[in-house]
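To start, the structure itself, in structure tokens.
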Amino acid sequence: MGRGSGFRRWVGAALAMFWLTIPSRARADEPETWPLTEAIRVADNRCMTQTELVQNVQLWLTRPAIDRRIAIVVEPVGDDGLRFVVSRNDKLAAERRFHTNDVPCNDLRAAVALAIALSIDATVMQAILEPLPPAEPPPKPALAPAPRATPNRSTRPSVLPSPPPKPEERATLDAELHGLLLFGVMPAPAWGASVAALVPVTEELSLRLSGFGTAAQNVDVGSGRSEVAMVAGQLSLCLEQPEAQARLRGCFGPSAGRWSASGDGFEQDRRTALPWAALVAELGASAPLAEPVALSAAVQGYIPFVRPVLEERNPRGEVLSTSEAPPAGLGVSLGLSVRFQ
């Protein structure tokens with residue numbers, strides 16, 4: 001009995017040592033992990049810090065550490081975007097992008113954290129799944145017998161289906177209404193209003209047809225004064241920045257119109273209309289307010305080549321004094337633009 005009981009004790013101890021080694025070997029085969037605070041790196045952005053994002057990811061994963069071969073980088077993209085990149089063994093495993101406009105930061109953090117947690121689990125799943133064996137090619141169909149040629153029968157050529165029509169591009173038209181201030185265009189500063197229509201020719205070029213008018217201004221001419229108002233039209237070719245949130249444009253073209261003058265305080269008061277013409281360079285900008293309305297502004301430079309002259313004459317027709325249009329002028333306008341499609 002003593003020898004048998006000793007043998008049983010030796011066998012039991014050996015089995016116990018064998019079973020104790022199994023968990024340690026299994027643990028040795030498991031991949032090394034590292035904490036989420038080291039696995040996730042967050043670049044500076046307006047909505048989240050690394051600590052906030054790690055807390056949200058850990059809430060979805062329900063564990064504080066992941067496989068050390070997995071790393072995540074979160075960084076902004078442009079002015080209104082955010083992305084994260086998941087890599088495994090320094091190789092790209094997943095990338096997701098988010099629009100951050102009009103999204104509260106709390107909602108954005110939760111969405112990004114959930115997407116990161118799902119990507120981590122998907123990366124692990126992708127690493128352990130075996131690829132499916134290639135599918136066997138389907139059997140080749142039996143060749144149909146060639147049709148017999150029928151004598152005295154004309155063959156018609158096959159009619160190819162016509163390609164679908166291209167979608168029509170809808171024409172656009174921008175209409176502007178501006179308040180206007182003119183300096184150096186008339187003998188005295190003047191204010192008025194302008195209207196314009198822009199018709200696109202290409203993505204960058206457009207034609208601009210506009211007109212403006214001013215309120216009457218009193219201009220001293222010799223011993224009297226003249227009440228002067230102005231109306232003119234303009235045709236310009238514009239170069240515009242396409243597909244931009246705040247659009248810029250530069251325009252150049254001729255402008256022509258007339259002065260309407262009414263004398264007061266002279267020996268003989270008269271009314272007259274005098275021609276005016278100039279080359280105009282314009283720099284404009286517009287920023288959207290609410291579709292399809294935008295706030296627009298412009299600065300114009302005027303180089304007149306037909307300059308009206310106001311004259312005071314005596315009854316014999318002799319010129320006593322004159323008031324002439326300045327050689328160059330400047331205009332500033334501000335208003336609204338509406339796009340019609």
Could you tell me if the side chain of [Y] sits less than 4.5 Å from the side chain of [X], heavy atoms only?
{"X": "L274", "Y": "V309", "value": "no"}
{"X": "R68", "Y": "W34", "value": "yes"}
{"X": "N218", "Y": "V228", "value": "no"}
{"X": "L82", "Y": "V77", "value": "no"}
{"X": "R88", "Y": "D67", "value": "yes"}
{"X": "Y302", "Y": "P326", "value": "no"}
{"X": "E95", "Y": "R83", "value": "yes"}
{"X": "D121", "Y": "L61", "value": "yes"}

Keeping the roles fixed (side chain from [X], backbone from [Y]), state whether a donor-acceptor pair exists under 3.5 Å.
{"X": "E52", "Y": "T49", "result": "yes"}
{"X": "T214", "Y": "M230", "result": "yes"}
{"X": "N45", "Y": "M48", "result": "yes"}
{"X": "S255", "Y": "A278", "result": "no"}
{"X": "Q234", "Y": "G253", "result": "no"}
{"X": "N89", "Y": "K91", "result": "no"}

> When I116 is tested against each of L118, I120, L114 for side-chain contact (heavy atoms from CB on, under 4.5 Å), which residue passes?
Replying inline: I120
>> Could you report the tightest heavy-atom contact between I66 and A39, atom names first, then the distance?
In response: CD1-CB, 3.7 Å
> Around W191, counting heavy atoms of other residues, nucleotides and ligands shown, do more than 12 lie under 6.0 Å from its CH2?
Replying inline: no
Quick one: pull up [atom1] in [X] and [atom2] in [Y] and give me the separation to the nearest 0.5 Å.
{"X": "C238", "Y": "L207", "atom1": "SG", "atom2": "CG", "value": "8.0 Å"}
{"X": "N56", "Y": "L108", "atom1": "CG", "atom2": "CG", "value": "10.5 Å"}
{"X": "L289", "Y": "L295", "atom1": "CG", "atom2": "CG", "value": "5.5 Å"}

Can I get a per-line list of side-chain donor-acceptor pairs under 3.5 Å for residues 173-190, giving both atom names and the distance, sequence neighbours left out?
residue, atom, partner, partner atom, Å
D174, OD1, R339, NE, 2.8
D174, OD2, R247, NH2, 3.4
D174, OD2, R339, NH2, 2.9
E176, OE1, R208, NH2, 3.0
E176, OE1, R249, NH2, 3.3
E176, OE2, R249, NH1, 3.1
E176, OE2, R249, NH2, 3.0
H178, ND1, S333, OG, 3.1
H178, NE2, S296, OG, 2.6

>> Quick one, V54 with T51, criterion side chain to side chain contact (heavy atoms under 4.5 Å, CB included). Give me CA distance, side-chain angles, the key distance, then yes/no.
In response: CA-CA 5 Å; V54 168; T51 302; 6.0 Å; no
> Do any pairs count as a disulfide (SG to SG under 2.5 Å) and have a residue in residues 267-329, sequence neighbours left out, and if so which ones?
Replying inline: none
> Under 4.0 Å between a Lys/Arg side-chain N and an Asp/Glu carboxylate O for R97 and D80?
Replying inline: no
